[in-house]
Chemist: 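Quick one: the structure is below, and I'll ask about it shortly.
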Amino acid sequence: MKFNMWLSVGLLMFIVANSNQALADRTILNVSYDPTRELYQAFNQEFIRYWQDKTGEKIAIRQSHGGSSKQARAIIDGVPADVATLALAYDIDAISERSGLIPAGWQQRLPNNSSPYTSTIVLLVRAGNPKKIKDWDDLIKPGIAVMTPNPKTSGGARWNYLAAWGFALKKYNGDESEARHFLARLYKNAPILDSGARGSAINFIQRGIGDVLISWENEAFLALKEYGPEKFEIIIPSISILTEPPVTVIDKNTDKHGTQDIAQAYLEYLYSKKGQEIVARHFYRPSDAETAREYAHQFPEINLFTINDVADSWQQAQQIHFSDGGLFDKIYEYQ
Amino acid sequence: MSKHKHHSVLPGFNLALGFTLLYLSLVVLIPLSAAFIHTAKLTWPEFWNTVTAPRVVASYRLTFGASFAAAVVNAFFGLLVAWVLVRYPFPGKRLVDALIDLPFALPTSVAGITLTAIYVGNGWIGQYLEPLGIKVAFTPIGVFVALTFIGLPFVVRTVQPVLEDIEKELEEAAAMLGATRWQTFRRIIFPTILPALTTGFALAFARAIGEYGSVIFIAGNIPMVSEITPLLIITKLEQYDYTGATAIAVVMLIISFVLLLIINLLQWWIRHRKAIA
C-alpha cells in the first residue's frame, strides 16, 4: 500500500482489474468506493477459489473504485455493475430511485442492513500528539488545522461531518443551533476541502499539511501500518459514528448478464467466516460476532452511535446537511 | 465569366461544406444543445437562483478572474519565449522547443499534483515562499499558477510561426529609415503578430476557464474562496442534481462564448484597421 499508488486509483474513474478474463466463463463487475481496493483484491481471489471448488466454474471478477457518489452515478448512467459495494446507503438509494435497477427495499435483503462490515471515524495525529488532541472538542480550538474532505463530493467526508455533529448534539444536550456553531468552527479550521478522502489523507500524510486528519478507521490503520507509530498516532474520540457501508446486487444488470447466482453468492460470502476474516484483516469491523471477538484486540473500544440517532434516514441527513442551501453550505455563506 | 458562377480552384465545395456542417453538428452543436435542453427543465426563477447563488457567483469570479490573469501573463511571457525561440540560436534550443508542448501532453491531473507538491509549505518552492508569507498551494494564487502552466503553449505555438514569417528586410528597412529599436518593434513587428497573439490569448483563456484536473488539487476548494466553477458543476452532479449542473454549465458557456466573440471581433477590427492603413 503506497499512498501515491492509491492516488492514481482515485484519479481514474474506472480502474478495472482484468484478471485473465478471456479464460473465464463468466465475469462479474463489483463497483465499489475508494478505500476498499485492497480488501476486494484479497476477497475476490478467495471467492474465485471458493466458487471453482463449489461449482467447477472458473469465473473472473472485475473491480472499479472511485468516490462513492461518483460510482453510484456511473451505475445509474449505465455501467454494467453486477454488485455495488458503496460507502453509504444514500448512494444505493439513489441508484434505486433514479434507475430502477434495484427495488426500493434493497437494504432489507441482506443481514445488518446489508452491511457485511462496518467501520467508524477516528482522528489521526502526528506522533507524540504535539497539539494535544484528545477529542472532537480540540478540533475547534484556534490554531488547529483540520484535514477533512468536502462532504459535497466525498462519502467519507459526510460520515466525518455526522460524527462531529453527533458529538456536538451530545455535548450541547441536543441543542441544534449550538451544534451548528460547533461545526462552523470546526470547518473554519479546515484549510483545504479535498474532493475525496484519499486526497485529504495524502495532504496530511505525505505533504505534512494539518494537525489532525478525520479519517475512516481502516484508512487510519493502513496509514499506521505503512508509516509506523513513529510518524502517526490514532486518537479515539469519546464518541463516534458507526459507519455502515452497504452492498447490493444490481438485479436488472445481473438478469441481463445471467450472473444472478454468482452475484448473490459473492455478497453472501462476505458474511461467511472466511469473508469476515478477510474483512477484519483489512481493518474493517466484522459484523459476525464470533469473528469480531477474535479480532477484538485490533479494534479499540469506542462509543458508537448510528445514523439513525442523528437523522431519520440518510435521505433526511442529506437533505438537512448536504443538499444545496443545507447546513453545510450555510457555514460558508453566512460566516 | 459571370460573377455568379464563381468556381473555386478546388472542387467539391458543396460536399465539403456539407461535411463541415455535419461534423460540427455531431461534435459540437448536439452535445451543447443537450445542455440547453436539459436546463430547460428548470423554471426561470429556479434557474436564476441556481446560477446566482453566492457560492456560484464567487466561483465565476475566481474562474474568470484567474483565467484572464493567467492568459494575460501567458500573452506576455509566451511572446517572449516565442521571440527567443525564433530569433536566437542557443544550445539545447530544440529541447526547450519540445518542452513548451509538455503542458499540452501531460495529463492535467498529473500537472496539478506536481504543482501542488512543489508549492506546498514543505515543497521545493513552497518552502522558500512560505517564510515570506506567500501561500500558493490551496489559495486562489495556486489556481492562477496552474492555469498559467496549462495556457503557455497556446500563446507560444500561435505566435511562433508568424514571427518566423516576418521578413527581416522589413526591420532592416525600418532601421535604415532611422527607426529606433522600440519604434521598429511597436510599428513593424507588433502589429504583424498582434492577430496571432490575440488568438493565442483567446485559446489560453478559453482553455483555462474549462480547466478542472490541474486546478482541483492545488485550489483547496474552500467555498466562497477557492472553488472554481467546474468544481461546482461536479459537486452538483455528485448530488444527482443534473439540471443544476447543466444550468451552471450553460451560464459558463454563454459567458465564454460572449468573451470569445468579443476577442474575435477585436481581432477582426485589428485586421480591418491594418488593411485600411
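Note that the coordinates shown come from a computational prediction; the quantities given were computed from them, not determined experimentally. Residue numbering restarts at 1 for every chain, and letters A, B, ... go by the order of the sequence lines. Values below: all heavy atoms of this structure, side chains included; hydrogens, waters and symmetry mates excluded.
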Chemist: Are Tyr240(B) and Arg98(A) close enough, and set up right, to give a side-chain contact (heavy atoms from CB on, under 4.5 Å), and what steps lead you there?
Modeler: CA-CA 9 Å; Tyr240(B) 311 105; Arg98(A) 277 154 211 275; 3.4 Å; yes
Chemist: Counting only heavy atoms closer than 4.5 Å, note whether Asn203(A) contacts chain B via side chain, backbone, both or neither.
Modeler: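 Answer is side chain: those atoms of Asn203(A) sit under 4.5 Å from chain B.
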Chemist: Can you tell me how far apart CG (Leu237(B)) and NZ (Lys70(A)) are? Round to the nearest 0.5 Å.
Modeler: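 Here the interatomic distance stands at 10.5 Å.
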Chemist: Is there a side-chain contact between Glu227(B) and Asn150(A) in this structure, where contact means two heavy atoms from C-beta onward sitting under 4.5 Å apart?
Modeler: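 The answer is yes, as the side chains (C-beta and beyond) meet within the 4.5 Å cut-off.
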Chemist: Would you say that more than 12 heavy atoms from the other residues, nucleotides or ligands in this model lie under 6.0 Å from the NE2 of His38(B), or not?
Modeler: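 Yes - once you tally the heavy atoms of other residues, nucleotides and ligands closer than 6.0 Å, there are more than 12.
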Chemist: Measuring heavy-atom distances to chain B, does Leu193(A) have an atom under 4.5 Å in its side chain, in its backbone, in both, or in neither?
Modeler: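 Backbone plus side chain of Leu193(A), per the 4.5 Å heavy-atom cut-off to chain B.
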Chemist: Using 0.5 Å steps for rounding, measure from the CD1 atom of Ile216(B) to the OG atom of Ser195(A).
Modeler: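 Answer for the CD1-OG pair, Ile216(B) versus Ser195(A), is 6.0 Å.
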Chemist: State plainly whether the residues Glu238(B) and Arg73(A) are in salt-bridge range, i.e. N to O under 4.0 Å.
Modeler: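 Yes, Glu238(B) and Arg73(A) are salt-bridged.
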Chemist: Is any side-chain heavy atom of Phe217(B) less than 4.5 Å from a side-chain heavy atom of Ile192(A)?
Modeler: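 No, their side chains stay 4.5 Å or more apart.
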Chemist: Is it the case that atom CZ in Phe104(B) sees more than 12 heavy atoms from other parts of the structure closer than 6.0 Å?
Modeler: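 Atom CZ in Phe104(B) is crowded, with more than 12 foreign heavy atoms closer than 6.0 Å.
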Chemist: Might you work through the side-chain contact (heavy atoms from CB on, under 4.5 Å) test for Tyr242(B) and Asp77(A), ending with a clear yes or no?
Modeler: CA-CA 12 Å; Tyr242(B) 287 49; Asp77(A) 291 344; 3.2 Å; yes
Chemist: Assess the residue pair Gln239(B) and Thr153(A) against the criterion (side-chain contact (heavy atoms from CB on, under 4.5 Å)); give the C-alpha distance rounded to whole Å, side-chain angles, the decisive distance to 0.1 Å, and a yes or no.
Modeler: CA-CA 8 Å; Gln239(B) 296 171 66; Thr153(A) 48; over 6 Å; no
Chemist: For the NZ atom of Lys152(A) and the CG atom of Leu231(B), what is their distance to the nearest 0.5 Å?
Modeler: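 Result: 10.5 Å between the selected atoms.
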Chemist: Sort out for me which of Val225(B), Val120(B), Thr235(B) touches chain A most, counting heavy-atom pairs under 4.5 Å.
Modeler: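 The answer is Thr235(B).
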Chemist: Does atom CZ (Phe68(B)) have a neighbourhood of more than 12 heavy atoms from anything else shown, all under 6.0 Å?
Modeler: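 Counting other residues, nucleotides and ligands, CZ of Phe68(B) stays at 12 neighbours or fewer.
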Chemist: When you look at CD of Gln127(B), are more than 12 heavy atoms from neighbouring residues, nucleotides or ligands closer to it than 6.0 Å?
Modeler: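 Enclosed.
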Chemist: Counting only non-hydrogen atoms closer than 4.5 Å, does Asp194(A) touch chain B with its backbone (N, CA, C, O), its side chain (CB onward), both, or neither?
Modeler: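 The backbone, not the side chain.
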Chemist: Measure the CG-CD distance between Asn122(B) and Gln206(A) for me, rounded to the nearest 0.5 Å.
Modeler: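 These two atoms lie 10.0 Å from each other.
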Chemist: Does Lys93(B), at its NZ atom, have more than 12 non-hydrogen atoms belonging to other residues, nucleotides or ligands within less than 6.0 Å?
Modeler: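 Buried by this count: over 12 neighbours within 6.0 Å.
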